[in-house]
Number of protein chains: 2
Amino acid sequence: MQMPVQRRTTIKDVAEAAGVGVATVSRVLSGGSASAETREKVLAAAARLDYHPSALGRNLRQRRTGGVGLLVPDITDSFYARLADGVLSCARSYGEPVTIGVTGDDPERESEMIGTLIEQSMDRVIAVPSGDGDAWDPVLRAGVNVVFASRRAEPDVPDVPAVLADDRGGVRTAVEYLTGLGHRKIAFLARRGQSQRVAAFTGALKALGVPVEDELVVHARASRDSAYAAAAGLLQRRPDVTAVLTGGNILGEAAVLAARELDVRVPRDVSLIMFDDVPWAELCSPPLTVIAQPAQDIGYRAAELVLRQGRRPRTVMLPSELVVRASCGPRRPRQ
Amino acid sequence: MQMPVQRRTTIKDVAEAAGVGVATVSRVLSGGSASAETREKVLAAAARLDYHPSALGRNLRQRRTGGVGLLVPDITDSFYARLADGVLSCARSYGEPVTIGVTGDDPERESEMIGTLIEQSMDRVIAVPSGDGDAWDPVLRAGVNVVFASRRAEPDVPDVPAVLADDRGGVRTAVEYLTGLGHRKIAFLARRGQSQRVAAFTGALKALGVPVEDELVVHARASRDSAYAAAAGLLQRRPDVTAVLTGGNILGEAAVLAARELDVRVPRDVSLIMFDDVPWAELCSPPLTVIAQPAQDIGYRAAELVLRQGRRPRTVMLPSELVVRASCGPRRPRQ
DNA sequence: CATCTGCATGGAAACGATTCCATCATCCTT
DNA sequence: AAGGATGATGGAATCGTTTCCATGCAGATG
């Protein structure tokens, strides 16, 4: 049984029903000037016919698609999910739809998605940039309003505002905390694209007079498998390491699993601090000490920046916070 | 410094550059018939001008927006995030953008988002329905291709296919497992809208000859707070309960926290089974026994259904699986 | 040779909104 | 009372595509 598909009621129908011209209907509906009497008639007709303006017509005429595009590396990662939630929540209050793309932190896929966005004439985009800043050139030239969230592109793209968490501060606090507990051999498990955090890490070590070993900064790709391999590799290769800082919750998860698998006790054998507070950090055994990031806020603020016209600051910095639970202890050599 | 915004190159520009008519360009680019020579000229011109067709123009003409709409209760919930990931991954292979809306499991918000979808002329929608099936009437009448994921609307909407996990089977296996361990007072922590699972739960109990107590089915709203309140309330009010089944991972998280707070040991005092396997279930202390759901698959299959034309089955049922870890033990009275 | 078939082609009409501009009525000012 | 300012109004152009249809040409068929 096929339901008859009814033709969409257009502005023309409303105009006819109200006995006025289409221009008048458009004006009334978008808040232009009109006499009280006409306004009445038009609104009545629109309601009677259950008229909903077509975004398509409007967008074509205005040469822009309403709504905002959002590009994140992985929607399955709690951090990006919360970020997306912030964007969605802000966009909702503006009545704007949000189109999401997953880049997998792959520059090529990112370019592909950017292409789609241009094709859609999206003129407002929030992105966690994965790759090459140069990929954003065509977008900017097309007049798209871009805001970066959670990190900048590299090489950096000037004129694009960014909403960031205070990585530097978070890392410094964490490193100070660990050295305070006596740790000297501290490793950093990073994902590609976290050069900002890595820089903050080595900087903090230097500032505290702790020798920096390049080999203690380990890079993984964005997948769970790669994260696990990196974590397990580090723990096996360097039994002298007594503390690990992970650049994200996927890596933190991998570190916990790898430690458990290799029978390395947390925090007895190694202390662990994870970037990003997630609901399960508290449920974990032991509960994890984390550097909390305001993921939802980052998304919300970025959306505000992209949706509200007006002066746009170059950078909005949001605070990170060290949340101490039970995954760190005093240094005890493992060997 | 303001970058000059360049005018978009249109099909007309290409036609001019290639020395042919616009109709011909359109035909060549969308695979229509044309002589080899013309095709050559057109493609060369298009490439030279870096022409990207505007989705806006096409959509208006074809009276439909490409892409698919996706409505989920909460993108922050790992289950829905994975479901969304499945949808995104399938849609990507079709080159279709995905627009996401969060309903918060609130029928009113759902209606609002449905309104937005219609306004956008989205003609393909995947939804985890929150409320009233009747809210979907206008959408269907507008000729939109809808597929439900993870659950059906109630009252059910005929003619809308659904991709579901085998709740019934999962619940039955779990209940059999618990009764096998000697449990008789088994509670179900449900979220609103999980009547399907609740029915399966009471059904399974009946089939095993265990008396059903209505009071042991507790309902919570979609928020973390509400989930915690429900879990804590249950554990305090009914010290005779020795096993708890939770209808989702948020409720599972709440149950673990509440138990810990109230000094109820898992699995010594109560056994716990959670619906939906999440990465942290293994990291939890104790590791949780769960009913795993193929969230990503559900999303992928739903997207396939909505994107691929052709015969659409009324229901696609995907298997659930009981993953036994360490959160269940033999019955030991708490009192 | 006349006609028919088939194909490539381009002009023009949609699609549904916004917005420019010309028209007209009304009211105020001098 | 004439002129100008103001505000409401509707016709028509526009956005960038697809698609209908008429045209013209080439080759096949009677």
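Residue numbering restarts at 1 for every chain, and letters A, B, ... go by the order of the sequence lines. In this text the structure is predicted, and so the values were computed from the model without any measurement.
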Look for any protein N or O under 3.5 Å of an N or O in nucleotides 10-13 of chain D and output each such pair with its distance, or none.
unit_1 : atom_1 : unit_2  : atom_2 : d
D:dG10 : OP2    : A:Gly21 : N      : 3.0
D:dG10 : OP2    : A:Thr24 : OG1    : 2.4
D:dG10 : O5'    : A:Gly21 : N      : 3.4
D:dG10 : N7     : A:Arg27 : NH2    : 2.8
D:dG10 : O6     : A:Arg27 : NH2    : 3.1

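Between the CD atom of B:Glu16 and the P atom of D:dG16 there is a distance of 14 Å, rounded to whole Å. The distance from atom CG of A:Asn59 to atom C1' of D:dT17 is 14 Å, rounded to the nearest whole Å. Computed from coordinates, the A:Lys41 NZ to D:dT9 C1' distance equals 11 Å when rounded to whole Å. Atom-to-atom, CZ of B:Arg64 to C1' of D:dT19 comes out at 15 Å; the value is rounded to the nearest Å. The interatomic distance linking A:Glu37 (CD) with D:dG7 (C1') rounds to 15 Å, in whole Å. Atom-to-atom, CZ of B:Arg63 to C1' of D:dT19 comes out at 13 Å; the value is rounded to the nearest Å.
In this structure, the side-chain hydrogen bond (donor to acceptor under 3.5 Å, both in side chains) partners of A:Glu154, at least two apart in sequence or on a different chain, are A:Ser195. Partners of B:Arg151 under the salt bridge (Lys or Arg N to Asp or Glu O under 4.0 Å) rule, at least two apart in sequence or in another chain, are B:Asp105.
Evaluation of the side-chain hydrogen bond (donor to acceptor under 3.5 Å, both in side chains) test over residues 23-34 of chain B, restricted to residues two or more places apart or in two chains, returns none. Residue pairs meeting the salt bridge (charged side-chain N to carboxylate O under 4.0 Å, His left out) criterion with at least one member in residues 120-129 of chain B, sequence neighbours excluded, are B:Arg64-B:Asp123, B:Glu96-B:Arg124. Applying the salt bridge (charged side-chain N to carboxylate O under 4.0 Å, His left out) definition to pairs two or more places apart or across chains, those involving residues 48-63 of chain B are A:Glu119-B:Arg58. Evaluation of the ring-ring contact (aromatic ring centres under 6.0 Å, His included) test over residues 139-158 of chain A, restricted to residues two or more places apart or in two chains, returns A:Trp136-A:Phe148. The list of side-chain hydrogen bond (donor to acceptor under 3.5 Å, both in side chains) pairs with a residue in residues 84-93 of chain A, not counting sequence neighbours, reads A:Arg92-B:Glu112. Screening residues 14-47 of chain B for ring-ring contact (aromatic ring centres under 6.0 Å, His included), with sequence neighbours left out, gives no hits. Listed by first and then second residue, the ring-ring contact (aromatic ring centres under 6.0 Å, His included) pairs involving residues 38-68 of chain B amount to none (not counting sequence neighbours).
For DNA chain C, the outermost nucleotides in 5' to 3' order that have an atom under 4.0 Å from a heavy atom of chain B are C:dA8 to C:dG16.
No salt bridge links A:Arg191 with A:Asp74; every basic N to acidic carboxylate O contact stays at or beyond 4.0 Å.
Using a 4.0 Å heavy-atom distance criterion, A:Ser26 is classed as a base contact. Residue A:Leu60 is in base contact, counting any heavy-atom pair closer than 4.0 Å across all strands shown.
Overall, the helix from C:dC1-D:dG30 to C:dT30-D:dA1 carries an axis bend of 60° between its ends, with five pairs at each end and the value rounded to 10°.
Two residues are said to be in side-chain contact when any heavy atoms from C-beta on lie closer than 4.5 Å; A:Leu83 and A:Ser150 meet this criterion.
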